[in-house]
Amino acid sequence: MEEAPQKKPYDVSYKVRTVQEIIDMQRREVQKIQTLLEVPASTAAILLRHYAWNAEKLQEQFWNDPAAALEAAGLSPPSSPSTSTAPLPNASGPSNARRSNRGNARAALFSPVKRNRSLPTTPFECPVCCMDYDSSMVADETFSLGCGHRFCKACWQEYLTSKIKTEAESARIQCMENGCGRIVREEVVEDMLPEPVCKRYRKLLNEAYVADSANLRWCPHPECENVIECSQAPPRMLSQLVPTVRCNCGRELCFGCGYAASHRPVLCKVVRQWEKKCADDSETSNWLQANTKECTKCQSTIEKNGGCNHMTCKKCKWEFCWVCMGPWSEHGNSFYQCNRFDEKSGIDARDTQAKSRASLERYLHYFNRWANHEQSAKLDEKFYKDTEKKMEAMQSTGNLSWIEVQFAKQAVEVCVRARITLKWSYAMAFYLKRNNMTELFEDNQRDLERAVENLGYLLEQNPEPTSITKLRNDITNQSAYVQKRHDILMDDTLKGYLEKRWEFTIEV
């Protein structure tokens, strides 16, 4: 798989892996440890899983004390009486000690010991189901791990199936005996259980491998089984990066927090804080997301059924902004301030009640705009489904080819992408401290928002055959302008993290 190109300073390089590639990665790690430690493959796999696939840590622990490393991983300790880690007489240092430990561990792990060696010579009663087995049936009908705790195979099968299917365990399935930490090897599971359960078991092992690796993350979309590999987004860098990646299924996600979509330009910690706050204020959120408002002129009830925020009351013909309810005439010039909260309203808040009200008003200002852009993006996506019909109409009435009417589809994509960016920009603005940098951020936010509203208005027009060419040019030009403003906001904000320009009211 080719590595995705790194285009911007704030972008991260990553690879999209298939499930088979993940299996191959595990196999290579196991083979490497198997060769280095001279242990069976199943032992190497259990050791690696215990140490979260950290091969260096595993080797260090194993060479220092093989018995302790094996027991900690849930494996049988070396049976050799000599497990000393001291160097041999006249030895030249730690290398001889390691060779001695290595020999002890290898002798124990490859000693001719079988799983069912201490078979009872008298009738055996299973401690779980209390079924009796005579001495001739014990070898075929019962089983014990290296720890010697014996149970009938029927109980083992029921136990393992429950662990895998009900509890979703795989790498750390232990012996049935209470308090015994011996790990069940892969070959035991494969021998005892039917293929459907084994398939589930192998899937859980793959999931555990990805979960243990800081450089791997599953694509969060349910129908996708790809894994993203990225080594440039460790937790310590998430205060400077928003590591957005694109899976081969065509959808974006945040590698840092696993969010199932891009939340640029907001940091992962800010997203978590914002969503928690919105969940805490659920009643307010529900009220704000109502689909109707009253006209500020005639108080008629108006329902918003499109993505554009330029509203016209059908009763009195008053044109206003759905977001701030102000006259639309002020949104097309330098007086446009719909995106900026008036901090002066909270200056005179002296008593506790007044301060609380000012704080709530500030939150509502940003949440209203955040929720509105989310709703508008959804409505634009709905409009996207109807765009093909409009494109067909323009093709037949405007004498345009199918390629020439693709401008409408591309413009909707630009509009939706910009609305999602605007949505998250309001979450960021809520937590920004007021300074000159914040003013510049809000200026970029305002310019993009104004451009998006103009594009949304154009997209909802139903042109006459004679005006299709003009509308096509207008939409194409406005779409390019929206893309330009979107890139300016995104580039400046994300570079600001690297340059440490942004100051927040919370710790990031």
Side-chain angles (χ1 to χ4, degrees), residues 1 3-17 21-22 25-26 29 48-61 171 206-221 226-247 251-279 420-421 424-433 435 437-438 440-441 489-508:
M1 187 70 63
E3 187 172 312
Q6 186 169 341
K7 299 180 180 179
K8 302 281 187 179
Y10 47 78
D11 283 334
V12 293
S13 297
Y14 61 93
K15 296 178 181 178
V16 181
R17 302 286 190 182
E21 287 179 299
I22 295 300
M25 290 166 66
Q26 295 175 75
E29 289 289 328
L48 280 166
R49 289 172 187 138
H50 175 71
Y51 290 99
W53 297 88
N54 188 331
E56 293 181 0
K57 184 178 180 181
L58 163 59
Q59 292 178 64
E60 179 183 355
Q61 297 290 328
N206 292 333
E207 292 177 358
Y209 173 71
V210 174
D212 285 339
S213 175
N215 298 334
L216 297 175
R217 184 180 289 278
W218 290 99
C219 177
H221 301 96
N226 290 330
V227 176
I228 313 298
E229 181 182 11
C230 177
S231 60
Q232 297 182 338
R236 59 182 175 81
M237 291 297 293
L238 295 184
S239 62
Q240 302 177 40
L241 292 174
V242 185
T244 301
V245 298
R246 179 180 290 273
C247 180
R251 286 167 291 196
E252 292 183 329
L253 63 138
C254 175
F255 188 86
C257 63
Y259 198 86
S262 171
H263 58 70
R264 280 182 169 177
V266 189
L267 296 173
C268 297
K269 190 167 184 178
V270 175
V271 170
R272 288 194 294 270
Q273 290 282 347
W274 175 255
E275 291 199 323
K276 182 179 183 299
K277 182 172 182 61
C278 293
I420 293 173
T421 297
W424 287 113
S425 73
Y426 278 107
M428 177 177 173
F430 177 76
Y431 291 106
L432 278 177
K433 290 182 179 179
N435 53 38
M437 292 295 100
T438 307
L440 293 174
F441 172 81
L489 173 64
M490 193 73 77
D491 288 355
D492 183 70
T493 306
L494 296 176
K495 286 179 181 177
Y497 292 129
L498 298 175
E499 298 167 2
K500 302 185 185 302
R501 283 193 272 125
W502 309 120
E503 296 182 28
F504 292 90
T505 57
I506 58 174
E507 184 181 352
V508 296

- Query: Considering only heavy atoms from C-beta outward, does the side chain of Leu432 approach that of Phe441 to under 4.5 Å?
  - Reply: yes

- Item | Contact check, side chains of Arg17 and Met25, non-hydrogen atoms, under 4.5 Å | yes

- Task: Could you check if a side-chain atom of Val227 sits within less than 4.5 angstrom of a side-chain atom of Glu21, using non-hydrogen atoms only?
- Result: no

- Query: Between Trp424 and Ser262, is any pair of side-chain heavy atoms under 4.5 Å apart?
  - Reply: no

- Query: Are Cys257 and Val271 side-chain neighbours, meaning at least one heavy-atom pair lies under 4.5 Å?
  - Reply: no

- Note on the structure: Rounded to the nearest 0.5 angstrom, the NE2-CD1 distance for His263 and Ile420 is 13.0 Å

- Message: Met428 vs Phe504, test: side chain to side chain contact (heavy atoms under 4.5 Å, CB included). Steps then yes/no.
- Response: CA-CA 9 Å; Met428 177 177 173; Phe504 292 90; 4.1 Å; yes

- Sequence neighbours excluded, which residues qualify as ring-ring contact (aromatic ring centres under 6.0 Å, His included) partners of Trp53? Tyr209

- Message: What I want to find out is whether Arg49 reaches Asp212 closely enough, with some N-O distance under 4.0 Å, to be called a salt bridge.
- Response: no

- Heavy-atom distance under 4.5 Å between the side chains of His221 and Cys247, does that happen here? no

- Message: For the CE atom of Met237 and the CD atom of Gln232, what is their distance to the nearest 0.5 Å?
- Response: 9.0 Å

- The side chain to side chain contact (heavy atoms under 4.5 Å, CB included) partner of Tyr497 among Leu267, Leu241, Leu238 is Leu267

- Query: How would you list, by chain and number, every residue that makes a side-chain contact (heavy atoms from CB on, under 4.5 Å) with Met437, sequence neighbours excluded?
  - Reply: Asn435, Leu440, Arg501, Trp502

- Item | Side chain to side chain, Pro243 and Cys254, heavy atoms closer than 4.5 Å | yes

- Which atom of Lys269 lies closest to which atom of Val508, heavy atoms considered: CD-CA, 3.9 Å

